[in-house]
Amino acid sequence: ANEQVSPDGRGWRSGALVEKKEIPQWFFKITAYAQELLDELDNLKDWPDSVKTMQRHWIGRSEGLEIDFALVYSTVAEKLTVYTTRPDTLCGVTFISVAAEHPLAKAAAESNPSLAVALSDLTKGGTAEAEIEKAEKRGVALGISAIHPITGAQVPIWAANFVLMGYGTGAVMAVPGHDQRDWEMASKYGLPITQVIAPADSAAADISAGAFTDYGVCINSGKYDGLAFQAAFDAMAGDLAAVGKATRKVNFRLRDWGVSRQRYWGCPIPMLYRADGSSVPVPLEQLPVVLPENVAFSGVTSPIKSDPNFINYTDPQTGEKLTRETDTFDTFVESSWYYARYCSPGANTMLDARANHWLPIDLYIGGIEHAVMHLLYFRFWHKIMRDVGLVSSNEPATKLLCQGMVVADTYFRQETSDGPKSYFAPTEVQVERDSKGRALSATLLKDGLAVTIGPVEKMSKSKGNGVDPQSMIDKYGADTVRLFSMFAAPPDQSLEWSETGVEGMHRFVKRIWRMVHEHLNANAGAVSEIFDASAASAEQKELRTQLHEAIAKVGRDVGERLNFNTAIAAIMELTNAISKFNDESANARALRQECWQAITLMLAPIAPHLCHRLWQLLGQETLILDQHFPTADAGALLRDDVTLAVQVNGKLRGQITLAKSSANAEIEAAARLAVAKYLEGMAVKKVIVVAGRLVSIVVA
RNA sequence: GCCCGAAUGGCGAAACAGGUAGACGCAGCGGACUUAAAAUCCGCCGGUUGGCUAAAACCACCAUGCCGGUUCGAUUCCGGCUUCGGGCACCA
């Protein structure tokens, strides 16, 4: 695995030099779905844009040209086909680069041992795209030339370490004047660099310092001179197609999905090999092929690779002797359809009709690290299941939420500057703070000596900053822990764990408990009166408006935005407003009862234990679990007055409060009065009234 | 190297379609209650910028990573950076 290769190109445990070898592998043809996977991103309205953008780039659709270069004196093939998205630069081709695994390179190496060595040298280094892109551009001449399809010039063919056999045709035309990788390679090996594109704005491009990669107009390109990108593309495509040397081609960056793994623990790939090496699938009625667990481990390879009981297979009908594939599937295969199987537990087949009944998933939650690989395989597999009739939807999940990690403070000691760090749990440490609450230093409780305050990091065993939620639940209760988890950050951001924050939330829980009891005690039990809006005081009207504004906000935050933190904050604000509401009239008691019932209903999904009990205490005979989320009373949301900010030249200079029904002229007059001292001696150039928000006066 | 994000007080954060920056909470400070402590309640809480001051109140200015732009108005939009995080196909 790439992860097990050290940066020096050796195995992380054995230290052995890593070699690359070609082995037969099974692939899923995800590229056959590339266009659909791309197109349907537009229908995923409730997926984050960042994920959709990453998938678009990953699929990487490009429109280009496949161009044939005739070979000179080659016994292997007549022509070499390259793929390019920049045919406008064709006249700047000074050589051709092929992948080291390209058939042409292999053929050339057959009769040339030193070339074979040089080619295998080229493939040294990692396989990760990041490594290939960052590695020095290297190449080796194959000693073969090709004929430029337009100029007729002979250009040499090289193998290069940055050309991938799996993309396009495994061969690219090299235009060092206008491609940075080609430029670096040409500069290294003294290959010619010519300019065939000039900047569109007729400025000069300096290709001696690096490639000029922008679009521009053709120069030094004969009859194509002066053409811009698209015109040059079309002209080249037309002319070359007419002589059978080019075809338009859409390519995708997306590669087929290699699913073979040489590990034991996995799902065996259900394929059989005939004596002649050809392969057939295991018959449907014999699926699934179950991994044998009664096996003997001997050495480093998977035990089923040498287990005759597993390998040998006799066709029950014909008696033909076959052997089983011993590789197992990539585990991404299973994670691509578990959600569907979960919808039909116990089914004797892969899925039954229940899967289609429940799917697609309403809300799928996972980390952003899965943005391209898992989430693309997942979409691909759903389309496969659709195409074989197992499900009828096109996509597996209608809404996607990418949640953040849980992080916490770290504390450590390091004996020597390059020595190992020993970490301490936040619970073992006492932090000293200055008068503003800034952390100054920390000491270990056990010995009273200093420890270093480290950065806030993802909770992990190695950093010792993990918190067992059970210990917090034991101490504060599950409702408090759940409320804190929801309150500390929106779900798509990382959540910083803080025990003082949990304590603060516990205070809030106790406060609600106490306030409800005070409300009930003042009334000697639950209240039955109904709030009478027509007889309400201004303060009562205000609280009731606040209540229904909170209900509307919490409904939106929880139901649509999934921003539980602001929902809880809105309930806290309402609680603070109730606390300040000192009115013991019957109407006020009825209003308070309405508030507490709504708060209990709104908090019940997050703090079910607390709210279950409070609901009963508030005199309700139903179970709170059976209740609907409260809805705001539109009438209660209307306020008579509105407060507007008044700006002068964009700076806040005053506030006005006036009837909501006020006409713009009235508003403007009130605003001018409120900021009169800023308008003295100035000419008012413009007044902008933003309904319900502010008045902006522009003066000079 | 390429792709996708993020950056706001001492801290976690809020500002939902460009409109009063810092809601809500944590920490801190001051006070009430108490013999005392805990718990609870009340108040303050961006700026070692300037003005007026004994001090405050108050007023002005500055402030959403940095530089520039658009706009009456920018945390929000645009261009250019910096730093941090995620991904780059065998970690899953």
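To find a chain, count down the sequence lines: A is the first, B the second, and so on, and within it residues start at 1. As the structure is a prediction and not an experimental result, all values here were calculated from the model.
Between the NZ atom of A:Lys137 and the C1' atom of B:rC2 there is a distance of 11 Å, given to the nearest Å. The distance from atom CZ of A:Phe329 to atom P of B:rA92 is 15 Å, rounded to the nearest whole Å. Rounded to whole angstrom, the span from the CG atom of A:Leu652 across to the P atom of B:rC59 amounts to 11 Å. A straight line from CE of A:Met373 to P of B:rG87 spans 11 Å, rounded to a whole angstrom. For the pair A:Leu574 CG and B:rG25 P, the interatomic distance rounds to 12 Å; values are reported in whole Å. Going from atom CD1 of A:Ile568 over to atom C1' of B:rA13 covers 13 Å, rounded to whole Å. The distance between atom CH2 of A:Trp497 and atom P of B:rA13, rounded to the nearest whole Å, is 14 Å. For A:Leu375 and B:rC88, the CG to P distance is 13 Å, given to the nearest whole Å.
You'll find the ring centres of A:Phe378 and A:Trp337 outside the 6.0 Å limit.
Here A:Tyr678 does not reach the OP1 or OP2 of B:rC59: none of its side-chain N or O atoms lies under 4.0 Å away. Between A:Gln493 and B:rA13 there is a side-chain N or O to OP1 or OP2 distance below 4.0 Å. Close to B:rC90, at under 4.0 Å from its OP1 or OP2, lies a side-chain N or O of A:Arg261. Contact annotation: A:Asn563 side-chain N/O to B:rA13 OP1/OP2 distance is not under 4.0 Å. Look at A:Asn565 and you'll find a side-chain N or O under 4.0 angstrom from OP1 or OP2 of B:rA14. The shortest distance between the side-chain N/O atoms of A:Arg253 and the OP1/OP2 oxygens of B:rA89 is not below 4.0 Å. Between B:rC26 and A:Arg507, a contact under 4.0 Å exists linking OP1 or OP2 to a side-chain N or O. In this model, the phosphate group of B:rC2 is not approached by any side-chain N or O of A:His57 to a distance below 4.0 Å at OP1 or OP2.
Separation of the C1' atoms belonging to B:rC41 and B:rC62 is 36 Å when rounded to the nearest angstrom. Nucleotides B:rG43 and B:rA56, compared at atom C1', are 15 Å apart to the nearest Å. Nucleotides B:rG22 and B:rU35 have their C1' atoms positioned 42 Å apart, rounded to a whole Å. One P atom belongs to B:rC67, the other to B:rU82, and the distance between them is 15 Å to the nearest Å. Distance noted for atom C1' between B:rA57 and B:rU40: 30 Å (whole Å). Distance noted for atom C1' between B:rG12 and B:rG68: 32 Å (whole Å). Separation of the C1' atoms belonging to B:rG10 and B:rU53 is 28 Å when rounded to the nearest angstrom. Taking the P atom of each, B:rG65 and B:rA15 are spaced 16 Å apart, rounded to whole Å.
Judged by closest nucleotide on RNA chain B, A:Glu503 is the one of A:Glu503 and A:Gly258 placed further toward the 5' end. Both A:Gln25 and A:Lys134 lie near RNA chain B, and the one whose nearest nucleotide falls closer to the 5' end is A:Lys134.
Note on A:Arg255: a base of the nucleic acid sits closer than 4.0 angstrom, heavy atoms only. Within 4.0 Å (heavy atoms only), A:Arg56 reaches no atom of the nucleic acid at all. Base engagement by A:Leu254 is indicated by at least one non-hydrogen atom pair under 4.0 Å involving a base atom. Within the 4.0 angstrom heavy-atom criterion, no nucleotide atom of any strand lies near A:Ala371. Among the protein residues, A:Gln262 comes within range of the nucleic acid bases, having at least one heavy atom under 4.0 Å from a base atom. Nucleic acid contact class of A:Trp58 (heavy atoms, under 4.0 Å, all strands): base. Nucleic acid contact class of A:His374 (heavy atoms, under 4.0 Å, all strands): none. Counting non-hydrogen atoms under 4.0 angstrom, A:Ser494 reaches the backbone sugars and phosphates but no base. Among the protein residues, A:Val372 comes within range of the sugar-phosphate backbone only, with heavy atoms under 4.0 Å from sugar or phosphate atoms but none that close to a base. Residue contacts for A:Arg514: at a heavy-atom cut-off of 4.0 Å it reaches the sugar-phosphate backbone alone, with no base atom in range.
Applying the side chain to side chain contact (heavy atoms under 4.5 Å, CB included) test to A:Ser696 and every residue at least two apart in sequence or in another chain returns A:Gln647, A:Ile688, A:Leu694.
A donor-acceptor contact shorter than 3.5 Å links the side chain of A:Ser485 to the backbone of A:Val481.
One finds no salt bridge joining A:Glu184 and A:Arg138 here, because no Lys/Arg side-chain nitrogen approaches an Asp/Glu carboxylate oxygen to under 4.0 Å. Here A:Lys553 does not pair with A:Glu549 in a salt bridge; the nearest charged N to carboxylate O distance is not below 4.0 Å. Note on A:Arg56 versus A:Asp49: no salt bridge recorded, every NZ/NE/NH1/NH2 to OD/OE distance being 4.0 Å or above. Using a 4.0 Å cut-off between charged nitrogen and carboxylate oxygen, A:Lys580 and A:Glu539 do not count as a salt-bridge pair. Salt-bridge formation is detected for the pair A:Arg181/A:Glu133: a Lys NZ or Arg NE/NH1/NH2 atom is positioned less than 4.0 Å from an Asp or Glu carboxylate oxygen.
When both pairing distances are held under 3.5 Å, B:rC41 makes a Watson-Crick or G-U pair with B:rG31. For B:rC24, the paired base is B:rG12 (Watson-Crick or G-U wobble, both distances below 3.5 Å). Judged by Watson-Crick or G-U wobble contacts below 3.5 Å, the nucleotide B:rC77 has B:rG69 as its partner. With a cut-off of 3.5 Å on both pairing distances, B:rG18 has no Watson-Crick or G-U wobble partner at all. When both pairing distances are held under 3.5 Å, B:rU82 makes a Watson-Crick or G-U pair with B:rA7. B:rA89 makes up no base pair with any nucleotide shown, lacking Watson-Crick or G-U wobble contacts both under 3.5 Å.
Of all nucleotides listed (B:rA13, B:rG25, B:rC90), B:rC90 comes nearest to the side chain of A:Ala1.
In B:rG9 the base sits syn relative to the sugar, since the glycosidic angle is no further than 90° from 0.
Classified by interplanar angle (parallel below 30°, tilted 30° to 60°, perpendicular above 60°), the ring pair A:Trp513/A:His517 is tilted. In this structure, A:His374 and A:Phe332 have parallel ring planes: the angle between them is below the 30° cut-off, well short of the 60° mark. Using cut-offs of 30° and 60° on the angle between ring planes, the pair A:Phe28 and A:Phe380 is tilted.
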Sugar-phosphate or base contact per nucleotide [nucleotides 69-85 of chain B; S, B, -; heavy atom under 4.0 Å]: ---BS------------

Mind running salt bridge (Lys or Arg N to Asp or Glu O under 4.0 Å) on A:Glu36 and A:Arg379 for me, showing each step along the way? CA-CA 10 Å; A:Glu36 192 192 339; A:Arg379 296 180 57 219; over 6 Å; no

